[in-house]
Amino acid sequence: MRAAGYLAYLIPNAFRFDGLLIGIIVEGFSVTTPPLAIANPFAGIDHGVALWFHAHLTPTFVSVLRGITEFGSSEWIAIALSIAVLLFVFKRWWPSLVMMVVAVPGGMLLNEWVKILVHRHRPFVDGWFVDWSGYSFASGHTIGATLLYGQLALFIIPMIKNRRGRVLVYSAATFVIVLVGFSRIALGAHYFTDVLGGMFLGASWLTLCLLVSRPLRRAVVPPVIADVLPDATPALVPVPAQAEVAAGPASESLI
């Protein structure tokens with residue numbers, strides 16, 4: 001006995017939604033769930049932006065964009081992550097090491113699961129500069145940049161006492177993340193909402209990791225932060241007591 005049923009596949013086409021709905025396929029005794037596709041209310045903007053950049057790309061512009069997008073590539077993130085891990089091991093910053101390893105690779109693995117679940121296709125798969133594959137939502141380069149540079153900013157900011165310096169670090173990390181996301185949109189590798197989704201997922205994952213790691217940070221203060229904290233037990237300096245003024249003729253003359 002073989003039966004197959006899909007739940008409301010005509011609805012996305014009727015309302016021009018960019019995606020499929022959840023369905024259930026029953027084959028014999030096995031039950032499988034097709035990929036989840038979410039209705040995209042910004043499908044018009046997504047396609048419009050992708051088509052505009054696709055029509056205005058030049059070889060020079062593509063070369064610049066390819067250089068920018070490498071700052072979010074898995075190869076570059078692996079190199080930067082390896083350097084950070086070696087530094088943390090050398091400095092014995094164990095809580096920071098655990099945080100880095102869980103936040104960056106863990107968030108990127110989560111994004112791969114989201115890609116398979118959402119199952120959205122890329123804007124363009126054919127062209128003289130197109131060489132990518134896989135699904136589109138959410139942008140892997142963008143979430144990788146958000147996780148890496150966002151986590152590095154979280155490590156560096158507590159070490160800076162100057163408010164202007166902290167703002168500069170935060171702004172620099174944000175600028176690199178936005179630049180990587182822009183390059184993915186301009187190259188036609190992702191839609192606008194793919195990049196926004198990558199930023200949102202990356203920031204959400206970092207926030208979750210930060211909240212979960214609070215008990216660990218309370219038990220063992222990370223050396224990155226401990227190095228810049230003031231000494232909790234300042235040295236006590238003895239202050240000599242003032243000698244009492246002896247009563248005498250001089251003191252009586254002042255009355």
Side-chain angles (χ1 to χ4, degrees), residues 17-20 35-81 103-153 170-207:
F17 287 159
D18 184 18
L20 302 175
L36 167 69
I38 303 173
N40 181 12
F42 304 102
I45 298 176
D46 275 346
H47 292 286
V49 172
L51 289 173
W52 189 90
F53 278 108
H54 192 71
H56 291 81
L57 286 177
T58 62
T60 303
F61 192 26
V62 170
S63 299
V64 173
L65 292 173
R66 284 187 180 276
I68 295 173
T69 199
E70 284 300 316
F71 287 98
S73 64
S74 57
E75 293 81 5
W76 170 255
I77 291 177
I79 294 174
L81 187 63
V104 180
M108 296 182 71
L109 289 175
L110 174 64
N111 184 65
E112 292 300 319
W113 179 75
V114 172
K115 280 190 173 185
I116 297 174
L117 185 64
V118 176
H119 208 75
R120 178 187 290 180
H121 295 286
R122 294 183 182 270
F124 302 101
V125 293
D126 296 322
W128 57 271
F129 60 89
V130 178
D131 60 354
W132 42 75
S133 59
Y135 297 114
S136 188
F137 186 91
S139 172
H141 281 65
T142 305
I143 192 174
T146 303
L147 294 170
L148 177 62
Y149 304 116
Q151 187 61 70
L152 290 177
Y170 177 81
S171 301
T174 303
F175 178 74
V176 175
I177 294 169
V178 172
L179 205 60
V180 171
F182 170 77
S183 68
R184 303 307 290 169
I185 297 173
L187 284 171
H190 292 283
Y191 291 110
F192 176 71
T193 52
D194 298 336
V195 169
L196 290 182
M199 294 178 181
F200 176 78
L201 289 176
S204 300
W205 179 253
L206 285 180
T207 303

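Being a predicted model, the structure only gives us computed values, none of them experimental.
Under the side-chain contact (heavy atoms from CB on, under 4.5 Å) criterion, Leu147 pairs with Val104, Met108, Ile143, Trp205, Leu206, not counting sequence neighbours.
Thr69 places no side-chain N or O within donor-acceptor distance of the main-chain N or O of Leu65, the cut-off being under 3.5 Å. No donor-acceptor distance shorter than 3.5 angstrom exists from the side chain of Asn111 to the backbone of Gly198, with no hydrogens or angles considered. A distance-only check finds a donor-acceptor pair linking the side chain of Arg122 to the backbone of Ala189 [under 3.5 Å].
Checking Leu201, Ile177, Val178, Val180 one by one against Thr146, the side chain to side chain contact (heavy atoms under 4.5 Å, CB included) holds for a single residue, Ile177.
Of all the heavy atoms in Phe71 and Trp76, the pair that sits closest is O-CD1, 3.3 Å. Residues Ile68 and Ser183 approach most closely at CG2-CB, 4.0 Å, considering heavy atoms. Contact between Leu81 and Pro105 at its shortest, heavy atoms only, is CD2-CG, 3.6 Å. The two residues Ser139 and Arg184 have their closest heavy-atom pair at OG-CG, 3.9 Å. Considering every non-hydrogen atom in both Tyr149 and Ala173, the closest pair reads O-CB, 3.7 Å.
In this structure, the side chains of His121 and Tyr135 come closer than 4.5 Å at one or more pairs of heavy atoms. Side-chain contact between Glu112 and Ile116: absent, with no pair of heavy atoms (C-beta onward) separated by less than 4.5 Å.
Aromatic pair His47/Tyr191: centroids less than 6.0 angstrom apart. Taking the six-membered ring wherever Trp is involved, the centroid distance between the rings of His56 and His54 does not fall below 6.0 Å. Here the two rings, on Phe53 and Phe192, have centers that are 6.0 Å apart or farther.
Contact check on Asp194 versus Arg120 returns a salt bridge, with a Lys/Arg side-chain nitrogen under 4.0 Å from an Asp/Glu carboxylate oxygen.
Atom CE of Met199 is separated from atom OG of Ser204 by 13.0 Å, given to the nearest 0.5 angstrom. Between the CZ atom in Phe182 and the CZ atom in Phe175 there is a gap of 10.5 Å [rounded to 0.5 Å].
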